[in-house]
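Here's the structure, in structure tokens; my notes come after.
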Amino acid sequence: MRIVNWFGLIGGVLCLVLVLVSLFYPWWHLSAGDDLVVAELSPFIMKFVLFGTVLDFPLIGLLNFIGALSFGLAGAVMLIYSFLPTKRYSLDLLGFAYRKPFYSVVIFVGVLIGLALVVGSLVGLQIPVVGSVNTLLPSSMSNGVVIRVFVSAGFEWPFWLAVATSVICFGARAYHKIIMRKLSLC
Amino acid sequence: LNKVRLVLTLLTVGLTLGPLVFEVYVYRDNLTGLVVPADLSGLMSGDYSNSSISGVIDDLNKTIKLPEYVSSEYDPVLGVVKFMFNFTNPFGFDLNLRSMDANVACAIHGFALGKASLFESVNLSAGATGLLPLKLVFTEQALNHLQVEHGNAKTVNVDLSAISVDVSGVSLSLPQKYTVNDVPLR
């Protein structure tokens, strides 16, 4: 009977699904006012809309593309591994793939927090990572008029899917140890 | 380094460098454009005439004119004054005026007459001019003041202060005082 690392199989499928899903749904969404400013971000796609105008950042788009390719590759490698967990190179395949979703989540959250801090300290605008604030525009931008903008932000369901994928991929690593222990006992 | 690891490493390097080299090649004549979008590069140099968000910046640079007083009418039975203001949306996008409030005081004596409020939200499409209807209900003290101090007058001048506006999720608090002349009292 073929030995399959079920965690790896599910993790691999989820990685591929996540890449596809993230092309259409962001991991994180921010809007200011009645969608006067909108930011939709994920490691694979980024959308900035300023007063109805979509801003295009080629370099970030490129990094998104590379991220999607790397993540997709990790998913494919995880899938291949899950059907070949007893091969001598299986640990190489697993080692290549299982940390990538976790790293993506950690780096993504780190970048969001970093961006919020940078915008806060440079421009003086309070940007929430999660939740909503009535942020006060700096007086230099408002000509003496007190301007408050309702800004809300939060993680969308694909982000939680990414977290679940990370956990399952770590599960695949743990299950690999169990498979190896069983094999050594046989 | 075994063969599997070598292949995975080469794949990763290829997936990262391939698109990067391609993008650099595409932008070889304008490497700045790879990092800063065309929309923003113009803005950074101070020339945004060719930028697609130049319209937005033009809008932002325009001085938003305060609403212009058009007319007012008084209902002596209910003790209600209805002010009509003209407001032009200077922006290239639609605005929704949700609320507008102002403290109203007698311009001569500074006596507080009540609070005027927008009684229905107003949608203003890009560049359009619309009427803002504000309603003021005179307080009992205000009616007494008008009777005692302005008993024979047909009109009264009033000051609108602490004007606050909620437009498309953006709250504005205006420091200026706004005088409305000849508000009918009969």
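Letters A, B, ... are given to chains in the order of the sequence lines, protein chains preceding strands, and every chain is numbered from 1.
The contact between A:L69 and chain B is made by backbone and side chain atoms together, counting heavy-atom distances below 4.5 Å. Residue A:V151 does not touch chain B at all, counting heavy-atom pairs closer than 4.5 Å. Residue A:L93 touches chain B through both its backbone and its side chain, counting heavy-atom pairs closer than 4.5 Å. With a 4.5 Å cut-off on non-hydrogen atoms, A:F150 touches chain B through its backbone and its side chain both.
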Could you pull out every donor-acceptor pair under 3.5 Å between side chains of residues 166-179 of chain A and any protein atom, sequence neighbours left out?
{"residue": "A:S166", "atom": "OG", "partner": "A:P101", "partner atom": "O", "Å": "3.3"}
{"residue": "A:S166", "atom": "OG", "partner": "A:F102", "partner atom": "N", "Å": "3.4"}
{"residue": "A:S166", "atom": "OG", "partner": "A:A162", "partner atom": "O", "Å": "2.9"}
{"residue": "A:H176", "atom": "ND1", "partner": "A:Y81", "partner atom": "OH", "Å": "2.6"}

Please tabulate, one pair per line, all N/O donor-acceptor pairs under 3.5 Å involving side-chain atoms of residues 114-138 of chain A, not counting sequence neighbours.
{"residue": "A:S121", "atom": "OG", "partner": "A:L117", "partner atom": "O", "Å": "3.1"}
{"residue": "A:S121", "atom": "OG", "partner": "A:V118", "partner atom": "O", "Å": "3.2"}
{"residue": "A:T135", "atom": "OG1", "partner": "A:Q126", "partner atom": "N", "Å": "3.0"}
{"residue": "A:T135", "atom": "OG1", "partner": "A:Q126", "partner atom": "O", "Å": "3.2"}

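No more than 12 heavy atoms of other residues, nucleotides or ligands lie within 6.0 Å of OH in A:Y25, so this atom counts as exposed by the packing criterion. Remark: A:R88 CZ is loosely packed, at most 12 non-hydrogen atoms of other residues, nucleotides or ligands lying under 6.0 Å away. Residue A:F155 places its CZ atom among more than 12 non-hydrogen atoms of other residues, nucleotides or ligands, all under 6.0 Å distant. Around atom CZ of B:F83, more than 12 heavy atoms belonging to other residues, nucleotides or ligands sit under 6.0 Å away.
Under the 4.5 Å side-chain heavy-atom criterion for ILVMFWY residues, a single connected hydrophobic cluster contains both A:F108 and A:F24. Under the 4.5 Å side-chain heavy-atom criterion for Ile, Leu, Val, Met, Phe, Trp and Tyr, A:V13 and A:V4 are members of the same hydrophobic cluster. In the hydrophobic cluster analysis, where Ile, Leu, Val, Met, Phe, Trp and Tyr join through side-chain heavy atoms closer than 4.5 angstrom, A:I113 is grouped together with A:W160. A single hydrophobic cluster is not seen to contain both B:V104 and B:I108; linkage of ILVMFWY side chains at heavy-atom distances under 4.5 Å, directly or through other members, places them apart. The hydrophobic clustering, which links ILVMFWY residues whose side-chain heavy atoms are closer than 4.5 Å, places A:L20 and A:V17 apart.
Among B:L8, B:V7, B:L11, the single residue meeting the side chain to side chain contact (heavy atoms under 4.5 Å, CB included) criterion with A:F96 is B:L8.
Annotation: residues 124-144 of chain B contacts chain A through no residue [non-hydrogen atoms, separation under 4.5 Å]. Residues of residues 15-22 of chain B having a heavy atom under 4.5 Å from any heavy atom of chain A, listed by number: B:L15, B:T16, B:P19, B:L20.
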Q: Decide side-chain contact (heavy atoms from CB on, under 4.5 Å) for A:D34 and B:R98; before the verdict, give the C-alpha distance in whole Å, the side-chain angles of both, and the deciding distance to 0.1 Å.
A: CA-CA 11 Å; A:D34 292 350; B:R98 285 184 194 153; 2.3 Å; yes
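Atom NZ of B:K3 sits about 13.0 Å away from atom CG of A:D92, to the nearest 0.5 Å. Annotation: the span from B:L95 atom CG to A:L36 atom CG amounts to 7.5 Å, rounded to 0.5 Å.
Highest contact tally toward chain A, considering only B:V170, B:V167, B:N96, B:V26, is held by B:V170 [criterion: heavy-atom pairs under 4.5 Å].
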